[in-house]
Amino acid sequence: MKKMTKIEIITRPEKLEALKEAMNKIGVTGMTVTQVLGYGLQKGHREVYRGTEYNVNLVPKVKVEIVVCEVPVDSVIETAKTVCRTGNVGDGKIFVYGIDNAVRIRTGEEGDSAIIDPADIHKLK
Amino acid sequence: MKKMTKIEIITRPEKLEALKEAMNKIGVTGMTVTQVLGYGLQKGHREVYRGTEYNVNLVPKVKVEIVVCEVPVDSVIETAKTVCRTGNVGDGKIFVYGIDNAVRIRTGEEGDSAIIDPADIHKLK
Amino acid sequence: MKKMTKIEIITRPEKLEALKEAMNKIGVTGMTVTQVLGYGLQKGHREVYRGTEYNVNLVPKVKVEIVVCEVPVDSVIETAKTVCRTGNVGDGKIFVYGIDNAVRIRTGEEGDSAIIDPADIHKLK
Amino acid sequence: MKKSLASLASFSLVLLLALPAALAAEAAPAKIDTGDTAFVLISAALVLLMTPALALFYGGMCRTKNVLSTIMQSFFIIGIISVQWVLFGYSLAFGPDISHFIGNLDWIGLNGVGNSPNADYAATIPHSAFMIFQGMFAVITPALITGAFAERMKFSAFAVFTIVWATLVYDPVAHWVWGVGGWLREMGVLDFAGGTVVHIISGVSGLVIAMMIGKRKGFGNEVMLPHHLPMTVLGAGLLWFGWFGFNAGSALGANEIASNAFVVTHVSAAAATVSWVLAEWLMHGKPTVLGAASGCIAGLVSITPAAGFVSPLSAVAIGLLGGVICYLSVSVVKAKLGYDDSLDAFGVHGVGGAWGALATGLFASKAVNEAGADGLLFGNAAQFTNQVIGVAASILFAAVMTFAIIKIMSLVMDIRVSEAQEMQGLDISEHGERGYSYQDLVTGSPVSFAVLEPQSAPATKTSMA
Amino acid sequence: MKKSLASLASFSLVLLLALPAALAAEAAPAKIDTGDTAFVLISAALVLLMTPALALFYGGMCRTKNVLSTIMQSFFIIGIISVQWVLFGYSLAFGPDISHFIGNLDWIGLNGVGNSPNADYAATIPHSAFMIFQGMFAVITPALITGAFAERMKFSAFAVFTIVWATLVYDPVAHWVWGVGGWLREMGVLDFAGGTVVHIISGVSGLVIAMMIGKRKGFGNEVMLPHHLPMTVLGAGLLWFGWFGFNAGSALGANEIASNAFVVTHVSAAAATVSWVLAEWLMHGKPTVLGAASGCIAGLVSITPAAGFVSPLSAVAIGLLGGVICYLSVSVVKAKLGYDDSLDAFGVHGVGGAWGALATGLFASKAVNEAGADGLLFGNAAQFTNQVIGVAASILFAAVMTFAIIKIMSLVMDIRVSEAQEMQGLDISEHGERGYSYQDLVTGSPVSFAVLEPQSAPATKTSMA
Amino acid sequence: MKKSLASLASFSLVLLLALPAALAAEAAPAKIDTGDTAFVLISAALVLLMTPALALFYGGMCRTKNVLSTIMQSFFIIGIISVQWVLFGYSLAFGPDISHFIGNLDWIGLNGVGNSPNADYAATIPHSAFMIFQGMFAVITPALITGAFAERMKFSAFAVFTIVWATLVYDPVAHWVWGVGGWLREMGVLDFAGGTVVHIISGVSGLVIAMMIGKRKGFGNEVMLPHHLPMTVLGAGLLWFGWFGFNAGSALGANEIASNAFVVTHVSAAAATVSWVLAEWLMHGKPTVLGAASGCIAGLVSITPAAGFVSPLSAVAIGLLGGVICYLSVSVVKAKLGYDDSLDAFGVHGVGGAWGALATGLFASKAVNEAGADGLLFGNAAQFTNQVIGVAASILFAAVMTFAIIKIMSLVMDIRVSEAQEMQGLDISEHGERGYSYQDLVTGSPVSFAVLEPQSAPATKTSMA
Ligand SMILES: Nc1ncnc2c1ncn2[C@@H]1O[C@H](COP(=O)(O)OP(=O)(O)O)[C@@H](O)[C@H]1O
Ligand SMILES: Nc1ncnc2c1ncn2[C@@H]1O[C@H](COP(=O)(O)OP(=O)(O)O)[C@@H](O)[C@H]1O
Ligand SMILES: Nc1ncnc2c1ncn2[C@@H]1O[C@H](COP(=O)(O)OP(=O)(O)O)[C@@H](O)[C@H]1O
């Protein structure tokens, strides 16, 4: 069973669509997306209600989790970096984790084949 | 301190209740649930607004995170597989990670005892 | 590249603000927050609709993810424990994971420098 | 109610004899009164508002994935039934009588229904105003039914059922009770604003359908929470507001009866709000908002048939009891019998309407309305018997007809959505929309404008089908 | 206002002499006018709508976890106060005078309050119509108070307080100002539609309670954002709509005064919307939606006591100033003094009402309404003095009484929820409901129908208690 | 429409001759009718409600991040235009004629616009009532435009544009069509309630702006979903309700014409609801809720100019066609031409209004309204020509003027927000608010009250700027 890796990309919500398409291009067949709130160097914004101002300092972000094996991790990282970079504070982070196993519930397949598009399965042979 | 594992189950929202109960049965005392959106082989759906059709291709899923030690990881995976399988594309994935440590904030207990129901604590002795 | 760790704190939503400030104090420059629902020893609550009562047993929690290197993991854990403890069931958990790499999208910096506030960067020298 | 009003007209004459306008009215009968006309037209607008209000009241109570389908049913009814009404519905209900059972088709397409008054129904307002005011009642009645089969009925089946039901059930019953020559009207059954015509028959028909198409998937073991209670409260508030047009407007003029109807309507709604909440508070330890919203509707339903005939204090009694009775019917009875009346169309409208019709037989008093009658409590048991007959007849007719309509429809089409569609939610599977997309987390792409044939479409549009 | 109207009645007579109807009225006094009756009944419906509207206006401003408890307070008041009103409240407020202070109990249970006109109050509409129109005012006034103690008051305490307050504070003050024989009315204080009776006393009472029960947990250091501003805007829109019934309806007929009241009401609301938004724009760089919604309410409150007595241009001035004054009171003054008037019941209604009452003393003009008076700007300083007395008396009375009521109540019951309940939110802890369950991510199970005794219930129902 | 009414007044006289009130009216012309006054005042309130309703209708259709900015535009217009109207707008539109083109400033500040009737416009209601009723039309017209440039226009630019446009476009056109002496009115163009004055010019102006400021970022390739359809349905329901005031109220009395207008308004809306939904069902396989809500608006727009002149059956035809025409214009035409009329202000109001104005030339009949005219289908081609001229003139004028206004404004100020602001959403960037904060997951801190100069503010307030 090939080593599998989870890549976690935390970035701006407006980049999601582009990121998804870029990942498709490099053969990433699936991902899981979560709405998160981020805190970091990026400032939040100010809101006013009946004359009281608030600094709201959690910024909406999306977290995209991608588990890969075949696809080299670096190409995923590279692609994410190019797609999500705007150069402004708040572009986000990419975190990489090791993962022990993966299972495709529908078929029970374990390991790499759990996350590879059956269409590409032959590549494994 | 026994080795601990985190099992991440990504599946259909309508399976959550059943999954929770099944886990209870095999002695899983806790879990953390997140609403996520999934992208994979499963098609999304089509929406129509004033004559414009959209392909919406992120599918609502739930992510269930379970950290276990005592309970054998395999039984959790097996149970999840049986409960969540419908046989249709979109049943979801199970990912397994190693975890270095766990702490129960209330008591400060570390390691396995942090996630074991005090009621079962004797089992450890 | 120094070893990096991800600390995942699952606790009561009302503790978020305090937690964030405490983390700031010990030099944690960023974090990612997710709304989650928790299941564990803590009971849920009862709701009534037209005479039918329901036990709703998923409890709103927040998951705070912090990736650190410089900052010693223990101080983060200690701080989280003190800030989030109420002594009542439901205070939550802290999980600790190893992480293989981190990237700051904006700059492309890898490893520890990806998550360290540039202002503190000199500390690394 | 129209009986009461015909005689009411003459009664008002007595009361108006001093007034030259009235004399003029004698001379040239077709004279409209601007005050009465203003009142009835605005009342008609208020009653129209009740149907979108009902859409929200119901919509807030269902689950997120079905909110649009629930709203759509009420909203679309405004469209189809209003058209049905002007084309032939009004003629069937109020047109020249055929053997006390139904109106004939003389007034088809509003032929002969002009802007000058029709003294048979309302002598001081344009006939067209009376027609449209009644039309709003014809609209909301089938909309009430939708609460019973919400979250599982096919939209196509719903649409067909609604048109057929309006024609074969509503129009005849409206004729019986309100039409000149209708048998219940001639028998002396009192129904001021539609306890029988509107609430009983919609509630009963809803129950019959609910039982015929079966429970929602997961009913009884899954948690089914209202997804948006403020929406339900908004709906209730607008319903309360509109109900003044419904009940007071049924006096068909801005007169003493209208004022009395207005007062008792408000009092009964208020009393029922209190009694439902207290009942729930006692039994579950929580005074709920849904209880308050449901209570006011229960009170409004209960007073509807009685509004023109009872005193404010009687209204307090009718409301207090109405609130408790409806509460028990949705919480205890429904739980015991175990049918799935999704949003309690029967529990509130069927039961509340029946209670109101009977209460009219108890509390009605000539002291309030000369044109009315005395009820049991005022020494006239006969009136109570009349009311019982009215209730029984309408329940029987509505139940049998609805059963027949659904049975026959089910031979030619699906009544209920597939399980996959029900799981995905009717909003996406039936209407291709979602109620809310709050988070901007949507990815996807516009599809270049393409014509798809309906049939294949749904299939290709859900991953679950 | 009623003073103005009594005399207005006679004035209208002058104006109506040519009209046979009026002559008839002379002959048989109990003649109702359909136009006036239609107008007052519809106006009463509009005022009823204001309370659910207020529920939404307030509900949108509080936090998600308390939206239902906030809505419930307003909604439940419609129930309890309407019943209180018909049982004895109306009699206390408008019944035969006892030493200029309060009405007696002759009209208890609406005894003697029939459907023919009561010339003392309104000669051309049914007495019952006048009664219910006034009843709607009695309902919304305590509802306004709830904005001050939102998000922390126990529901049981709220309910008790409301009934007591309505009886001991609202009913007497209404009598002083509007009741035949009321001392402020006899003194010549002008309050067309309730600046004093409705807004000042509710705002002041709210402030007193807010200070007595203390701030919300986290007030001043936590972020407390309105959870649903569109809901607040919807509430404001419906309030604006309903306010036409409130102010124009207070003319108790569809006459010139009603038309004038309608115009100035709209103009003042519009002017205040603009001035509040501009003030905020200048001071914070953002023109906010909440500012626009708050501004229109401020303008409506300000014009309320003056609506029947001032010209449109005066209304522009009253509105522009009203918007700025209220804005400063909620943003600057409140921040300085540091009390927690959660939703600014005092800041908008107390302050705006006081401004309006005084403005009436400045801008009132007999040219607009013969039955009114001239204000300071029209050379009659005395009227301004009258208004000052009216404002002072009502502030004093409301503050003292409210203080006493809460103090006494606190001896026998909890006024405020526990800290745990406040943290969990009042929706779940007090009402056992949640406003929204959008996501279908609920797991749990229906509990078979069981009766729990209220006391133990709450405890067992929250993990935090 | 006013033409019809002037003559209608006389016509009613015929009809009222028997009635003493009318005779009295002869004697002392300034006599108001309570029924008519009640009707027009309540109608004015209904029309006021339409603008907040529009705010919700539009607000629900835009994306979450722009909901407040969209709502704010409509709501703020109520403020500024109402003030503009009483200060000078009304005088420009209805004041003494200047060469058939515009009114003069004699009535500035409502000088001379009192509470007694102005027989030129409405002989039985206070002049002030007519003025405020018309004022509500002046308010909603520019609000309709906002749907075209939603989600990208700067608030400051919007405010300036609105005031200028109301003064230079709305007021003149209103004078042409409705003002005594207006050239279109004298030519005999029929526009009962504003198909030309309200809908055509707002729709066309919207289209011009939409094309001038360009598409929203991502239009055509990103998914742009309505964020809250129940809000849109609520808006549609309230619009339908308010439209009765808009159309029936335009009869300026509670008479036969009002009753007819009420009926055809409802029927057309219902028919269009059905036809739009069916059209969509056929072409996309889904009957959508947004389609139903849009359809009813299309039907209401279409019948507006015709309401006082056509029969119910003609209304069915006008509605059925209106629904389909507007559906095709927003789905097919817009897609083909590719302009970004965000919320279809042009597609529904421009197109629907034009269709309605022409339909009036087809279906109008003297049998319905003596004061009206016969249309093409009743053998009078001339009327159709008139209507064509009216449509063409208003389209041309609105397009040219709007183009000029925006061009000139763009020399001195930004019309459109920056890309960063558009991405962040106008709620935060322009108004410093968010529509919803459901989750209590906000961290941050109140900023002690500080005055910031507007300019710097926005910059410092967004991380993206
Ligand atoms: N130490 C950290 N642990 C986890 N998430 C982090 C951490 N630092 C930043 N993030 C996430 O990355 C996002 C962007 O980081 P930020 O410092 O604001 O900008 P940049 O990444 O461009 O330096 C934050 O909003 C947060 O969600
Ligand atoms: N490579 C991946 N990384 C992370 N999550 C994935 C990945 N592939 C699939 N998923 C998650 O699993 C869900 C189901 O996967 P999908 O391919 O649609 O069906 P199936 O698992 O039955 O083959 C997806 O919606 C997504 O949330
Ligand atoms: N085994 C587990 N795996 C993942 N998350 C858990 C686990 N056990 C508990 N949690 C999370 O921790 C939260 C608190 O746990 P709980 O047992 O209720 O209280 P305590 O931590 O005080 O014992 C739960 O709501 C859940 O989100």
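These figures come from a predicted structure and were not determined experimentally.
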Need one label for [X]: side chain, backbone, both or neither, based on atoms under 4.5 Å from any heavy atom in chain E.
| X | answer |
| --- | --- |
| P287(D) | both |
| A248(D) | neither |
| A258(D) | both |

Residue pair [X] / [Y]: nearest heavy atoms and the distance that separates them:
| X | Y | value |
| --- | --- | --- |
| K286(D) | I428(E) | NZ-O, 3.6 Å |
| E433(E) | L229(D) | OE2-CD1, 3.5 Å |
| N255(D) | I32(E) | CA-CD1, 3.8 Å |
| V289(D) | M72(E) | CG2-CB, 3.5 Å |

Given heavy-atom pairs under 4.5 angstrom as the criterion, report whether the side chain, backbone, both or neither of [X] touches chain D.
| X | value |
| --- | --- |
| L234(E) | side chain |
| I80(E) | both |
| L68(E) | both |

Check your understanding: Under a 4.5 Å heavy-atom cutoff, which of L290(D), N260(D), V40(D), V368(D) has the most pairs with chain E?
Key ->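 The residue among L290(D), N260(D), V40(D), V368(D) with the greatest pair count is N260(D).
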So do the side chains of [X] and [Y] get within less than 4.5 Å of each other, counting heavy atoms only?
| X | Y | result |
| --- | --- | --- |
| T34(E) | F39(D) | no |
| V277(D) | F76(E) | yes |
| M231(E) | P230(D) | yes |
| C296(D) | F75(E) | yes |
| S259(D) | L41(E) | yes |
| F155(E) | W281(D) | yes |

Practice item. Working to the nearest 0.5 Å, report the span between CG of N115(E) and OG of S311(D). Key: 10.5 Å
Review point. If you count heavy-atom pairs under 4.5 Å with chain D, which of M131(E), M136(E), H127(E) comes out on top?
Key: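 The option with the most such pairs is M136(E).
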Check your understanding: Out of P126(E), S156(E), G242(E), S128(E), which one racks up the most heavy-atom pairs below 4.5 Å with chain D?
Key ->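 Heavy-atom pairs under 4.5 Å are most numerous for S128(E).
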Practice item. In sequence, state the C-alpha distance, the side-chain angles, and the governing distance for L313(D) and L87(E), and then conclude on side chain to side chain contact (heavy atoms under 4.5 Å, CB included). Key: CA-CA 8 Å; L313(D) 286 188; L87(E) 293 187; 4.1 Å; yes
Exercise for review: Dump the intermediate steps for side chain to side chain contact (heavy atoms under 4.5 Å, CB included) on I78(E) and H266(D), then the final yes or no.
Suggested key: CA-CA 9 Å; I78(E) 309 178; H266(D) 183 67; 3.9 Å; yes
Point to revise | Residues of residues 43-55 of chain E with any heavy atom under 4.5 Å of a heavy atom in chain D | key: A44(E), A45(E), L46(E), L48(E), L49(E), P52(E)
